Amino acid sequence: MQQAALSSSPVHQPTPDRIAAGERLVARLKGQIGGRMFTDALMTYAWSGDASSYRLVPAAVVFINSEDEVRAVIKACRAEQLPLTFRAAGTSLSGQAVTDGVLAVLGDGWRKLDIHPGADQITLGPAIIVAQANAALKKFDRKIGPDPASQATCKIGGVVNNNSSGMCCGVAQNTYHTMARLRIVLADGTALDSGDPASCDAFRISHANMLDAIHDLHHQVMADPDLVALIKKKYRIKNTVGYSLNALVDYHDPLDILIHLMVGSEGTLGFVSEVTYNTVPEHPFKSTALVPFPDPYAAASAISVLANNGVQVTTGVTAAEYIERRALATVEHLAPMAPLLPWLTDNSPAVLIDVTAPTAQELETEVEKAVAILSANGATHIDFSTDEARSHALWDIRKGFFASGGAARPKGTSMLTEDVAAPIDRLADFVIAMRNLLDDHGYEDAIIFGHALAGNLHFQMSDDFAAPGAAEKFDMFSKALSGLVSIQFGGSLKAEHGTGRAIAPFVEAEWGPKAYGLMHQIKALFDPENLLNPGVLLNADDKVHIKHLKVMPLADELVDMCIECGFCEPACPSHQMTLSPRQRIAVTRERERLRVSGENPERLAILDRDFQYPGLDTCAACNLCSLRCPVGIETGTMIIGQRGQRRGSTARSVAGFAADHTGSVEAFMRGGVALADMARAIIPAPALEAITETARRASGNRIPRLSRALRHGPGAPKAPAKVSRDDPRDTGFPLPIVQGDRQKIVYFPSCASRMFGAPQTGENLLPVTDAMLALLDRAGFDVTMPEHLNGQCCGQPFQSKGFPEQATEVGGALKRELSALSDGGAVSVVTDASTCAKHLKEFPGTAPVLDSAQFLVTHVLPRLTITQKLPTVAVHHNCSAQRLKEQPSTEAIACACAEHIAVLSSVTCCGYAGDKGLFFPELNQHATRFAKNDIPAGCTLGVSTVSTCASGLSEHAGVPFVGLASLLEWASRPLH
């Protein structure tokens, strides 16, 4: 751990009275809430931050899964006088998803996704991630309108409550304009479904007074022409400052007004339980270019022309992202940026442009129009391309600016982000003014980028809020920003990120006293007790934007650049079971802050103690979080390091003994599983599982649980009896299994494939090791294997448990032997487990190690004749395969073996994580809890490239999973 001098300012904690109220609330809710509830110091701190620069530790965290549970939580909060905040993905950037009251987190119960006939509409639960909805709509060439940069992480509940937009959404395609129906629960517990006539009729009777009051507000606004003009002007550009007052102008029926006021209300008016969107076209033909300009003014001038006077289009230029030079500097090391570098000067911005169309011919015409406009406005290099991979790579860079820009900040500082908009005809001047404002206030490190077609700019800067004067500096800047954006340019101080705590003090300055007064009346109508997310959106405290600011103490070099954006969380198998990567980092930072400051040793001791199970034991250490993180932070590596720090001398001695006796360990493990297989013949499988589960719990997770899906493995493969063999003791050469003038290959059967077998299937599949030998022989390879396989290991099991010395000892020895067998690198080495292949690549040595998926698809499959196929095969990409980027290889082999494949979309890492499926099976169960939903009718088999992953999936997916080689051997087996 790094040490640093830190401010002793404590993190804002709930008061003792509020903590006691949180504990009483949890006691009230027992029996009414099916999800988990927390009041302990560690878990409440873990949920104290969102993606904003604010941190508030909740008094209680409650997972909710139904409208009845929403009502129960509201009732309990009312009884205990605790404020209530609803939270979806926690990607909010203005501090609207944190609280020191009760944080109600969306659980699995809100994952409804229903595409209507024709795909013109889609109904979604608030826990659905935007990218999941769009993936389901893709085959219909449709999508939902909102397209925030965080769409791979953010959830529909947050999108509705913030009226989020994005790169292509503009003003016309946000939730407010594309929503067909909304279902909500109000503060009094009443549910209203705007798409259900019976619900609406009942509500008109039960809430007549409320609707009358809303109707009066409508007439009050319509009677004031100046106010109507102001509201219409404000919503010609992106605007999420305050409540959606345009509802009072756009609609006359008070029920329609009520429903539209809910959009963008940031959880302060009620709970959104379901939404139906009118989908928008996602044209299949697209061309993308990242276009540099000589200066910001030229770029902004071109965008002003491309913007079509602010009118949203679905054919033509649908996105134009302005990226200033300082922002480009943070990503110019990335490969997709290389072609642009020769055209960039010290002041060159670039614009990322998408042109889309329903046909290839129309696309060509639209690209020609865009090129003409860009050329006329001084673009220095124009290179449109329809290459989908290139487009994705460029957009990944743009979507990752929030995190990659944040990673460019000095270590130990917090990242600040703001989101403003101005009328499109003033964009050029606005860009220059924003840059000057940032520089004048000492934020020279700030970067600017944004959705320029909508006049929408984002900027990010950093500061150390533990340093004296930092908050005051930010206060002065915020006031100046309000004057520039709201007054001078007549723009929006928050275009799409929501008001939150960050902008609440400036709402009146932007809207004026009349409109601001309307907003207070709206809040009082919906939430007279000020129970729902108080202080967010409306706040009388003119300093709230500089209170409860995050500090980011140095904790570990591996994660110090994390900005806690949460982009990692959908990939994490333990997210919402225990902790996510973001939460592990946040808690680690707080522990280190307390360790350095010495301010509260009792609390530090509690956090250190309680971190063991949720932080260390249930982290799969798969590092898939690094693939979602725009800067590649490997939280799993940090956790492995912390495991190592906690290992005592006894544990190290045991690990050392195991490393010196790997053969005995392997024999013991394989024998133990074989014994369990025999026991199943006497004891029913459920009873055996119950017995071993009881033993596991009683032993403190020291005794493994055995499931019916775990079978003993074949052991080290043996050479076919018909093959003549030379005695290596005489020849001095490794043991050849197949002789002849054939291409040579070294095959290392992984210890996992040797120890653990696959479930029985109707196809009479060979074990992975035997299947690999059969395939290699069938494809004409001369195979060499290590002579003494029993105990040979890549070292990954030691590494994951925090024993790096033993991992190096065991894995290094194997790599040296494989290098010798490979004749100094002249012959490739193939192994049959992705985890083993990845780990062996990290050791020094000349042996070029390939995983089975890579090798089979490139060197074996072309030499085979497929003789039989399955109708459908499910495919799981385990964590190492993903990190090796083997998905295309695995899918290509599966496609060769089946008429159709179904890739598991709900499972990232399966959570088996080596042997965690044995000692912490709840992680595997949680990670695969939706796997059955991914298995289509008629699918009877699945494949994975790691035997332990296959075991965990077999238990929970509903169909047996086998090794990729086993399936390919069956599909290419000669038929007699």
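These values consider heavy atoms only, across backbone and side chains, with no hydrogens, waters or symmetry-generated copies. In this text the structure is predicted, and so the values were computed from the model without any measurement.
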Side-chain donor-acceptor pairs under 3.5 Å in residues 938-945, sequence neighbours left out?
residue : atom : partner : partner atom : Å
T945    : OG1  : S834    : OG           : 2.6
T945    : OG1  : N878    : ND2          : 2.5

Q: List the steps and the verdict of side chain to side chain contact (heavy atoms under 4.5 Å, CB included) for Y912 and T928.
A: CA-CA 10 Å; Y912 213 92; T928 58; over 6 Å; no

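- Put simply, the side chain of H876 never gets that close to the backbone of C909: no donor and acceptor are under 3.5 Å apart.
- Here OG of S385 is found 11.0 Å from NZ of K286. Values are rounded to the nearest 0.5 Å.
- Panel note: side chain T867, backbone A971; a donor-acceptor pair is recorded below 3.5 Å.
- No side-chain donor-acceptor contact under 3.5 Å links N134 to the backbone of K143.
- Side-chain atoms of S150 and T153 form no donor-acceptor pair, as typed in the model, at a separation below 3.5 Å.
- Residues P797 and D915 form no side-chain contact, since every pair of their non-hydrogen atoms from C-beta on lies 4.5 Å or further apart.
- Judged as a ring pair (Phe, Tyr, Trp, His ring centres under 6.0 Å), and not counting sequence neighbours, the contacts of H859 are F855.
- In this structure, CG in L840 is found 5.5 Å from SG in C794, a value given to the nearest 0.5 Å.
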Q | Worked verdict on I122 versus F140 for side chain to side chain contact (heavy atoms under 4.5 Å, CB included) | A | CA-CA 12 Å; I122 186 171; F140 302 102; over 6 Å; no

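- R754 approaches Q792 most closely through the heavy-atom pair NH2-O, 2.7 Å.
- Residues passing the side-chain hydrogen bond (donor to acceptor under 3.5 Å, both in side chains) test with S972, sequence neighbours excluded: R778.
- No side-chain donor-acceptor contact under 3.5 Å links K155 to the backbone of T91.
- R111 contributes atom CZ, which lies 7.0 Å from atom OG of S906 (distance to the nearest 0.5 angstrom).
- Under the side chain to side chain contact (heavy atoms under 4.5 Å, CB included) test applied with P717, the options P767, S753, P749 reduce to a single match, P749.
- The CD atom of E886 lies 4.0 Å from the CG atom of D851; values are rounded to the nearest 0.5 Å.
- Two residues are said to be in side-chain contact when any heavy atoms from C-beta on lie closer than 4.5 Å; V962 and W970 fail this criterion.
- With salt bridges taken as basic N to acidic carboxylate O contacts below 4.0 Å, one links R742 and D777.
- Tested against F961 for a side chain to side chain contact (heavy atoms under 4.5 Å, CB included), the candidates S954, C949, S947 yield a single pass: S954.
- When all heavy atoms of Q854 and V857 are compared, the closest pair comes out as O-CG1, 3.4 Å.
- Counting heavy atoms from C-beta outward, I115 and R142 have side chains that stay 4.5 Å or more apart.
- At distances below 3.5 Å, at least one donor-acceptor pair connects side-chain atoms of K841 with backbone N or O atoms of V849.
- Side-chain N or O atoms of E891 include none that pairs as donor or acceptor with a backbone N or O of P888 at under 3.5 Å.
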(Q) Quick one, T618 with S574, criterion side-chain hydrogen bond (donor to acceptor under 3.5 Å, both in side chains). Give me CA distance, side-chain angles, the key distance, then yes/no. (A) CA-CA 7 Å; T618 55; S574 63; 5.1 Å; no

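- Residue H116 qualifies as enclosed at atom NE2: its count of foreign heavy atoms under 6.0 Å is above 12.
- In this structure, the side chain of H926 engages the main chain of H575 through a donor-acceptor pair within 3.5 Å.
- Applying the ring pair (Phe, Tyr, Trp, His ring centres under 6.0 Å) test to H839 and every residue at least two apart in sequence or in another chain returns F843.
- Using a distance-only test at 3.5 Å, with no hydrogens or angles considered, no donor-acceptor pair links the side chain of D114 to the main chain of T123.
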**Q.** Derivation of the side chain to side chain contact (heavy atoms under 4.5 Å, CB included) call for I866 and L861
**A.** CA-CA 9 Å; I866 300 299; L861 183 59; 4.2 Å; yes

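- Within 6.0 Å of atom CD in Q868, more than 12 heavy atoms from other residues, nucleotides or ligands are found, so the atom counts as buried in its surroundings.
- In this structure the side chain of S880 never reaches within 4.5 angstrom of the side chain of V946, judged on heavy atoms.
- Checked by atom type and distance alone, the side chain of Q882 pairs as donor or acceptor with a backbone atom of H877 at under 3.5 Å.
- Of all heavy-atom pairs between I935 and A874, the closest is CD1-CB, 3.7 Å.
- Proximity of C572 to C625: side-chain heavy atoms (C-beta onward) are nowhere separated by under 4.5 Å.
- The shortest heavy-atom contact between F63 and L106 is CD2-O, 4.4 Å.
- Contact between D108 and N65 at its shortest, heavy atoms only, is N-OD1, 2.9 Å.
- By the 4.5 Å heavy-atom criterion applied to side chains, V827 and T784 are not counted as neighbours.
- Shown here are the salt bridge (charged side-chain N to carboxylate O under 4.0 Å, His left out) partners of R390, two or more places apart in sequence or in another chain: D383.
- N924 contributes a side-chain N or O that, together with a main-chain N or O of C910, makes up a donor-acceptor pair within less than 3.5 Å.
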Q) Could you go step by step and tell me if E634 and R883 meet the salt bridge (charged side-chain N to carboxylate O under 4.0 Å, His left out) rule? A) CA-CA 12 Å; E634 294 188 347; R883 297 188 70 197; 2.6 Å; yes

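- A heavy-atom distance below 4.5 Å is not found between the side chains of F748 and L821.
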Q. Hey, mind stepping through L904 and F930 against side chain to side chain contact (heavy atoms under 4.5 Å, CB included) and telling me if it holds?
A. CA-CA 9 Å; L904 301 189; F930 300 118; over 6 Å; no

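- T948 is not listed as a side-chain neighbour of T835, based on a closest heavy-atom distance of 4.5 Å or more.
- The OG1 atom of T890 sits 9.5 Å away from atom CG of L884, with the distance rounded to the nearest 0.5 Å.
- Taking OG1 of T386 as the reference point, atom CD of E388 lies at 9.5 Å (rounded to 0.5 Å).
- Between S852 and D832, the side chains place no donor N or O within less than 3.5 Å of an acceptor N or O (distance only, hydrogens not considered).
- Across all non-hydrogen atoms, the minimal contact from L766 to A774 is CD1-CB, 4.3 Å.
- The side-chain hydrogen bond (donor to acceptor under 3.5 Å, both in side chains) check on W110 picks up nothing, with sequence neighbours excluded.
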